[in-house]
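The structure appears right after this line, and notes come after that.
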Amino acid sequence: MANTAPVHHAGDGETRRDFLLHSTIAFGAVGGAMAVWPLIHSMNPAADTLALSTTEFSLASLQEGQAITVVWRGKPVFVRYRTQAEIDAARNVTLTELVDPAPDADRVKKDKDKYLVLVGVCTHLGCIPLGNKPMDPRGDFGGWFCPCHGSHYDTSGRIRKGPAPANLAVPPYQFLDDTTVRIG
Amino acid sequence: MKKIVLAAAAAFTLTSTAALAAEAGPELLKRQWTFDGATGKFDKLQLQRGLQVYREVCASCHSLKYVAFRNLTALGYSEDQVKALAAEYEFKAIDEEGSDVTRKGTPADHFPNPYPNDNFARASNNGALPPDLSLMTKARVGGPNYVYSLMQGYEDPPPGTELLAGMNYNKYFPGHQIGMPKQISDDQVTYADGTKASAEQISADISAFLHWAAEPKLEARHATGFRVMIYVLIFTILAYLLKRKIWARLEKK
Amino acid sequence: MSTEKSVWRRAYEWHEQRLPIVSFLDHSIGTKYPAPKNLNYFWNFGSLALFMLAVMILTGIFLAMNYTAHKDMAFDSVERIMRDVNFGWLIRYMHANGASFFFIVVYVHIFRGLYYGSYKAPREVLWWIGILIFLAMMATAFMGYVLPWGQMSFWGATVITNLFSAIPVIGDPIVTFLWGGFSVDNPTLNRFFSLHYLLPFVIAALVFLHIWALHIPGSNNPLGIEAAPADKIPFHPYYTSKDAFGLGFFMLFYFAVVFWAPNAMGHPDNYIPANPLVTPPHIVPEWYFLPFYAILRAIPDKLLGVVAMFGAILVLFVIPWLDTSRVRSASFRPWFRVFFWLFVINAVVLTWCGAQLPEGLPLIQGRIATIYYFVFFLVIMPVLGWIETPKPLPASISTPVLKPAE
């Protein structure tokens with residue numbers, strides 16, 4: 001194709017051949033591209049994976065100051081029953097000081113703001129931060145501390161120090177009753 | 001040369017058809033299924049009736065392990081209906097204290113096995129293990145027609161046939177002696193949609209339902225197939241015209 | 001177009017000086033590869049085989065992403081592919097039926113080579129590599145059929161691996177070695193999956209050698225005579241356009257089966273999970289193995305049966321010397337043509353016999369067909385070369401225009 005075509009008369013036949021050539025190549029290329037889609041799409045989450053995308057759990061046995069970890073979509077979700085001091089610490093922050101400004105009220109459910117529900121995956125490179133177990137280091141801000149690269153999260157799960165670019169994500173969840181939560 | 005190829009192909013087709021016919025035994029009852037043919041689709045109402053038959057008749061002995069409740073939306077049920085149906089089933093679970101408890105089914109659950117294990121199933125069924133039905137129509141020669149025939153194939157054994165203890169005579173079952181007793185008779189179920197429940201109707205409905213269970217992507221397959229064939233046909237015609245045009249240059253020389 | 005070189009043109013030349021991949025392709029399957037101008041549609045099957053290899057590798061890679069090679073999970077993982085994975089049903093049906101169509105294409109390719117004498121000098125090595133590809137394909141297909149871990153998978157694996165127990169003294173240890181245990185079990189499944197993934201790339205490498213070996217003497221042609229330079233045309237655009245048309249035509253059949261009869265070439269028993277305690281009443285291999293299976297069963301001795309089965313393929317290695325005729329194309333060999341078509345029919349008969357219970361008439365037919373299979377190569381080929389008078393060969397490809405060969 002890189003070579004120049006031999007000299008020929010630009011008759012009707014040649015025009016038609018070029019048209020045919022181009023339309024056949026284009027048609028074949030489109031078909032080839034479309035044939036790739038089923039292969040690529042097979043790598044997306046399958047129907048059974050999508051069906052398991054909700055998790056329900058109970059907070060009945062969770063005591064103030066404690067945290068639990070539940071599994072949602074194969075990832076840990078941190079649920080902490082915050083003390084009043086922790087809630088106050090989370091509220092009394094000047095938003096402009098934050099890397100990823102977000103008021104604490106936006107990160108909890110109204111009237112249930114003692115419960116903090118977070119996806120327990122560091123927003124830097126996906127490690128699981130420490131801070132859910134009683135003996136864990138909780139970082140400089142009393143929340144969570146990621147041991148991989150030293151990101152510190154506060155009692156609202158917001159990034160305060162270290163390389164992580166964003167706050168710990170809040171998953172979509174709702175309270176089914178006073179102590180039952182459904183994530184997803 | 002072409003003639004010989006055609007003759008050989010014809011001979012092969014004939015012999016293989018003959019071989020298949022010899023294998024099958026008594027000819028199966030045949031039915032016109034809505035999912036037959038190039039554009040066949042499932043009849044959703046029929047599948048719903050079949051589901052009812054499965055739940056009321058088959059499910060006491062047969063599992064359907066590859067079918068999840070969420071799949072039932074394909075039968076025309078809404079997500080809420082599926083959720084309610086799933087909640088009618090109970091599954092074993094372990095609570096936070098580690099005790100065995102039961103929980104309600106969710107759409108993500110699969111139809112439960114009626115027996116705790118295979119040994120229990122055998123012991124409850126005179127030594128025979130009721131097979132899982134999820135793939136039944138693909139795992140038997142004849143497919144849905146086989147199930148349809150088997151349901152209606154029970155009759156008195158011909159004179160001289162000695163039935164083993166606990167066995168039943170079915171003319172479509174290989175070897176004719178089957179552990180499962182006759183299950184389907186007229187008005188065995190009362191259809192929610194008011195369809196008259198003749199034995200034939202029930203047999204057809206359960207066979208169609210089981211074929212959906214075995215090949216749930218059949219409709220998508222037929223639909224995708226049509227699009228692909230139209231594409232390939234156009235591509236072939238274009239490529240043929242192009243080839244002719246290019247080769248014409250050679251004849252001119 | 002201006003005479004000034006564009007940026008793209010210069011970038012292309014820069015790259016081409018360092019790795020001349022475009023010019024390599026141009027010499028392989030492009031404008032610089034001269035092919036005889038009289039190739040008929042039977043010559044399409046080489047490129048079709050390459051297409052099927054690509055389809056099999058591509059679909060296989062994506063199936064492997066969702067397949068679990070464990071005896072307790074393999075069957076379930078295949079069903080998950082069929083039900084839950086996006087387009088999983090399509091990819092699996094393309095792969096399963098792709099194996100059958102790959103064999104159809106390769107069998108036509110082999111018979112074409114037999115008919116037109118493509119195995120004869122100077123193409124012996126090309127022919128050998130082709131047989132190696134065929135052997136690797138059979139191994140790959142056999143191990144692939146085991147992976148769904150259905151009843152036919154399990155019992156096919158058991159029967160085929162047991163063939164090696166026919167070897168005197170070391171037969172049983174070899175079978176134990178192949179299994180990695182004392183029956184076909186989880187270790188067997190695991191290694192079969194590993195090898196099933198590996199072998200297609202070995203085939204791809206062999207295909208590369210096959211095409212290389214093809215380019216040394218160039219393509220044979222329906223007349224079997226050397227093609228003069230004047231009788232050759234560039235592969236591109238002539239044969240690329242012809243292959244594209246052939247591909248489209250072929251895909252009509254392939255996709256008709258994939259979409260409307262995806263289980264027609266499979267066996268219902270393979271939708272029953274493997275059960276090591278119950279053998280299905282009638283086990284048959286996949287259709288493409290049936291002729292060789294018939295040869296195995298035609299011989300009442302275990303060792304000799306296995307030897308005959310492997311010999312049926314190995315004999316192909318020596319046919320360049322078994323065939324003593326100096327004329328390549330069967331078009332000019334009236335007697336060879338008759339025996340060739342008898343051989344084709346014989347292969348069909350063997351295929352049929354392979355699917356029957358080995359008793360009574362099918363067994364006798366199988367034995368007769370087995371005898372003819374070997375007589376064709378070992379007796380007819382050498383003897384016919386001496387006694388047959390070939391029709392006069394044309395001086396060049398362009399001369400017999402008035403009376404075209406079949």
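Just so it is clear: chains get the letters A, B, ... in the order the sequence lines come, proteins before strands, and each one is counted from 1.
The distance from atom OG1 of Thr24(A) to atom NZ of Lys243(B), rounded to the nearest 0.5 Å, is 13.5 Å. Considering CG of Leu21(A) and CG of Leu241(B), their distance stands at 12.5 Å, rounded to 0.5 Å. From His22(A), atom NE2 reaches atom CG of Leu242(B) across 10.0 Å, with rounding to the nearest 0.5 Å.
Enclosure of atom CZ in Phe120(B) is not indicated, since only 12 or fewer non-hydrogen atoms of other residues, nucleotides or ligands lie within 6.0 angstrom. By the 6.0 Å contact criterion, CD on Glu56(B) is enclosed, its count of non-hydrogen atoms from other residues, nucleotides or ligands being greater than 12. Residue Lys104(B) qualifies as open at atom NZ: its count of foreign heavy atoms under 6.0 Å is 12 or below. Tyr240(B) OH: 12 or fewer foreign heavy atoms inside a 6.0 Å radius. Counted within 6.0 Å of CE on Met43(A), heavy atoms from surrounding residues, nucleotides or ligands total 12 or fewer; the atom is thus considered open. Heavy atoms of other residues, nucleotides or ligands lying less than 6.0 angstrom from NZ of Lys133(A) number 12 at most.
Among all heavy-atom pairs drawn from Phe235(B) and Phe27(A), the shortest one is N-CE2, 3.5 Å. The shortest heavy-atom contact between Ala51(A) and Ala108(B) is O-CB, 3.8 Å.
Within the 4.5 angstrom heavy-atom criterion, no atom of Ile237(B) approaches chain A. Residue Ala47(A) touches chain B through both its backbone and its side chain, counting heavy-atom pairs closer than 4.5 Å. Only the side chain of Ser61(A) comes within contact range of chain B, with at least one heavy atom under 4.5 Å from a heavy atom of that chain.
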